[in-house]
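What you see is a predicted model, and the numbers here were worked out from it, not measured in a lab.
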Amino acid sequence: MRRWRFDRDFRLSAARVTVLFRHGLPLLLAAGLIGCAAQPKQAAGLSRDTRSENYCVQLAGTGTGQYDQGLLLECRREEYTAAARMRGMQLPKDVDTGCAATASMGDPVRFFSWSRFALCADRLAPPPTEP
């Protein structure tokens, strides 16, 4: 029976190192690049519903880390109602964009008010056609 010897059996000659770097390294790099390219893209921003929740928390906050629970619940109820009403409407793209800018109150990343959006859309949107 043959005995294994590390220095003889696992010795890396210059030819083996060259083959390893010529074929193995590019293969590992390609696999890494494919893995990076397959990563899902991050969303551009928060949804309108999440930003609406942020709006109510900001509105109900007292600045001391505590919240007026009654005001928070009233705001969320108003926002849910306005959101449900707006989801049923078909708005032109320019009206939607303009009202979204108004509803974000200058901060299009963190805040959005469905009730302000509804007020703006009611003023600017054309009346629905009767069937």
Side-chain angles (χ1 to χ4, degrees):
M1 180 185 292
R2 183 171 177 243
R3 300 191 84 177
W4 291 94
R5 289 189 53 193
F6 182 78
D7 61 339
R8 181 186 66 210
D9 296 327
F10 297 104
R11 189 176 335 166
L12 288 177
S13 65
R16 285 185 182 173
V17 170
T18 303
V19 168
L20 178 66
F21 278 108
R22 276 196 189 154
H23 299 291
L25 191 59
L27 182 63
L28 287 174
L29 288 174
L33 291 175
I34 290 171
C36 290
Q39 293 292 327
K41 301 298 181 214
Q42 189 73 335
L46 300 174
S47 70
R48 286 181 174 180
D49 291 329
T50 304
R51 291 168 40 213
S52 175
E53 290 175 15
N54 291 346
Y55 165 73
C56 286
V57 168
Q58 179 73 21
L59 182 68
T62 61
T64 61
Q66 298 178 1
Y67 298 96
D68 182 351
Q69 292 294 323
L71 185 58
L72 181 64
L73 291 174
E74 181 183 332
C75 177
R76 290 306 304 144
R77 190 176 305 117
E78 185 177 324
E79 291 292 305
Y80 282 135
T81 304
R85 195 175 56 143
M86 287 293 100
R87 285 193 179 101
M89 291 181 67
Q90 296 293 326
L91 295 176
K93 186 163 181 66
D94 59 337
V95 171
D96 185 88
T97 304
C99 289
T102 301
S104 66
M105 297 163 285
D107 190 351
V109 177
R110 293 189 315 168
F111 301 120
F112 185 85
S113 172
W114 279 109
S115 55
R116 289 183 184 212
F117 183 83
L119 289 172
C120 176
D122 287 341
R123 285 194 312 262
L124 297 178
T129 57
E130 295 292 325

How many angstroms lie between [atom1] in [X] and [atom2] in [Y], if you round to the nearest 0.5 Å?
X: E79; Y: F112; atom1: CD; atom2: CZ; value: 8.5 Å
X: M86; Y: L119; atom1: CE; atom2: CG; value: 9.0 Å
X: E74; Y: D68; atom1: CD; atom2: CG; value: 9.0 Å

- W114 vs T81 side-chain heavy atoms within contact, under 4.5 Å: no

- C56 side chain reached by E53 side chain, heavy atoms, under 4.5 Å: no

- Task: Answer yes or no on whether R76 is positioned over the face of Y80, meaning its NZ or CZ is under 6.0 Å from the six-membered ring centre and within 45° of the axis.
- Result: yes

State, to 0.1 Å, how close [X] and [Y] come at their nearest heavy-atom pair, and which atoms those are.
X: V109; Y: R51; result: O-CD, 3.5 Å
X: S113; Y: Y55; result: OG-CE2, 3.6 Å
X: A118; Y: R85; result: CB-NH2, 2.8 Å
X: L71; Y: L59; result: CD2-O, 3.7 Å

- Hey, is the main chain of L91 close enough, under 3.5 Å, to the side chain of D96 for a donor-acceptor pair? no

- Task: Measure from the side-chain N and O atoms of S52 to the backbone N and O of R48, and report whether any donor-acceptor pair falls under 3.5 Å.
- Result: no

- Starting from the C-alpha separation in whole Å, work towards a yes-or-no answer on side-chain contact (heavy atoms from CB on, under 4.5 Å) for D107 and Q58. CA-CA 13 Å; D107 190 351; Q58 179 73 21; over 6 Å; no

- Query: Going by atom types only, do R116 and S104 share a side-chain donor-acceptor pair under 3.5 Å?
  - Reply: no

